[in-house]
There are 2 protein chains.
Amino acid sequence: MTESSSSPQPRRSDTTRNAILAAARERFAADGYERATIRAIAKDARIDPSMVMRYYGNKEGLFAAAVSVDLELPDLTALPRQDAGPALVTHFLRMWEDNDVLTALLRVGATNEAGAERMQGIFRDQVLPVTRAVCPDPEQVPTRAALVATQLLGLALTRYVLRLPAAVALHPREVVAWLGPAVQRYLTAPSP
Amino acid sequence: MTESSSSPQPRRSDTTRNAILAAARERFAADGYERATIRAIAKDARIDPSMVMRYYGNKEGLFAAAVSVDLELPDLTALPRQDAGPALVTHFLRMWEDNDVLTALLRVGATNEAGAERMQGIFRDQVLPVTRAVCPDPEQVPTRAALVATQLLGLALTRYVLRLPAAVALHPREVVAWLGPAVQRYLTAPSP
DNA sequence: AGTGTAGGCCAACACGTGTTGACCCTTGCG
DNA sequence: CGCAAGGGTCAACACGTGTTGGCCTACACT
């Protein structure tokens, strides 16, 4: 029970709110924005659809509340520079494996303009800074970060969204062993 | 009753059919499956929505007819083995730049189960064989093809769907220079 | 010419959606 | 106890969707 951190008193309805958010995350991740209906989410949360509106205003508000992403990216300056790539891949893999939100965001980002913008924001606010810490030439930071995103989001897409069998079958160890060096190269290798 | 199916006479309605398909491709690419409405497609084609049903049965049939993908992958055995990666990247880049269908398919694949299955089919029927021609160990073919897909689809996702500014800004030459070696490594480098 | 058939439009149906407002029930406090 | 306030439900609205069937029109063939 958290009471003094930001919201003064725990409301009696918090469990319902959380149930709604959990159900919303699941359905957005599974179905995307349009096909995840408020009625279905409410049903999952064992609640009336109108409660969703009461608490979150409208569908967009629900999505905004349900999908807030903190990649918790590690501080890459803390380890040897040539380990950054594998470390990033490892972190992403674990993050995606047990986090509906990321799949939801990717699915929605692929169809919904607002979703795409949100992903751009995450890239700008979370990926770029971390890249900046590792990459020598500041001018190359956006390019290199974009290349990294290319590879990591491609992994997420094929493995968690499209579910290409061959991509799903990869053992996490294999993924790190293969993608780690590739990402490392995007981060620190001299421009070709 | 009518003519044979192999090379029938050009029907009077072919221009309409093509207009519908073109409009469908555009809208599916721009909006994804659910938000691309038959009414909107019909309007673009300057036609009544019911014509779409007459010619393609239902929305799913329209999608199936509109999105038929031939990647026209080059024969990688025709060039030096170490050029396969850059050649693949170059080909994909050109393919995506002027082909709505691919973006449409990716968008739909991200939300729609049927779309995802279609992408799996393309991977199986078109990407796997080409990889097989280049990759020495047959047992590794699925893995390596999946890795390639990871990188190439990641590029398409960030550049054409999410439109991350830094990914859009990359000059095609840069893309090839950076991704070419990465793809090459996935194809032919010894397993790590 | 006449006529059958394919091309095309219109209006409507059934349904599912997001959203709303009126109405209960429980809780906590005076 | 009484009673306000918030948590929760019900039924309905307005709208957009995929889809259907009836009707009109213009061409092609005999």
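By convention in this document, chain letters (A, B, ...) are assigned in the order of the sequence lines, proteins followed by strands, and residues within each chain are numbered from 1. Owing to the predicted nature of the structure, the values given are computational and were not obtained by experimental measurement.
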Approximate separation, where rounding is to 0.5 Å, of Glu26(B) CD and Asp100(B) CG: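 Answer rounded to 0.5 Å: 5.5 Å.
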Rounded to whole angstrom units, what separation is found between the [atom1] atom of [X] and the [atom2] atom of [N]?
X        : N       : atom1 : atom2 : value
Asn18(A) : dG7(D)  : CG    : P     : 13 Å
Phe63(A) : dT19(C) : CZ    : C1'   : 20 Å
Arg39(B) : dC10(C) : CZ    : C1'   : 12 Å
Arg54(A) : dG8(D)  : CZ    : C1'   : 8 Å
Met51(A) : dT19(C) : CE    : C1'   : 15 Å
Leu62(A) : dG18(C) : CG    : P     : 10 Å
Asn58(A) : dT19(C) : CG    : P     : 5 Å
Asp48(A) : dT20(C) : CG    : P     : 14 Å

Go through [options] for me and flag the one nearest to the [X] side chain.
X        : options                   : value
Met53(B) : dG8(C), dT19(D), dT9(D)   : dT19(D)
Thr37(B) : dG18(D), dG7(C), dT17(C)  : dG18(D)
Tyr55(A) : dG7(D), dT19(C), dG7(C)   : dG7(D)
Ile38(B) : dC10(C), dG18(D), dT19(C) : dG18(D)

Position toward the 5' end of DNA chain C (nearest nucleotide), Arg46(B) or Gly57(A):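 Result: Arg46(B).
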Between Gln151(B) and Thr150(A), a side-chain donor and acceptor under 3.5 Å: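 Their side chains do not contain a donor-acceptor pair, so the 3.5 Å distance test is not met.
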List the atom pairs, with distances to 0.1 Å, where a side-chain N or O of residues 32-41 of chain B and a protein N or O form a donor-acceptor pair under 3.5 Å, not counting sequence neighbours.
residue, atom, partner, partner atom, Å
Tyr33(B), OH, Glu60(B), N, 3.4
Thr37(B), OG1, Ala40(B), N, 3.0

Mutual orientation of the aromatic rings belonging to Trp96(B) and Tyr160(B) [parallel < 30°, tilted 30-60°, perpendicular > 60°]: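 Taking Tyr160(B) first and then Trp96(B), their aromatic rings lie parallel (interplane angle under 30°).
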Pair Glu174(A)-Thr143(B), side-chain hydrogen bond (donor to acceptor under 3.5 Å, both in side chains): steps then yes or no: CA-CA 9 Å; Glu174(A) 286 181 282; Thr143(B) 299; 4.5 Å; no
side-chain N/O Ser50(A) vs dG21(C) OP1/OP2, d < 4.0 Å: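 Looking at the OP1 and OP2 atoms of dG21(C), neither is under 4.0 Å from any side-chain N or O of Ser50(A).
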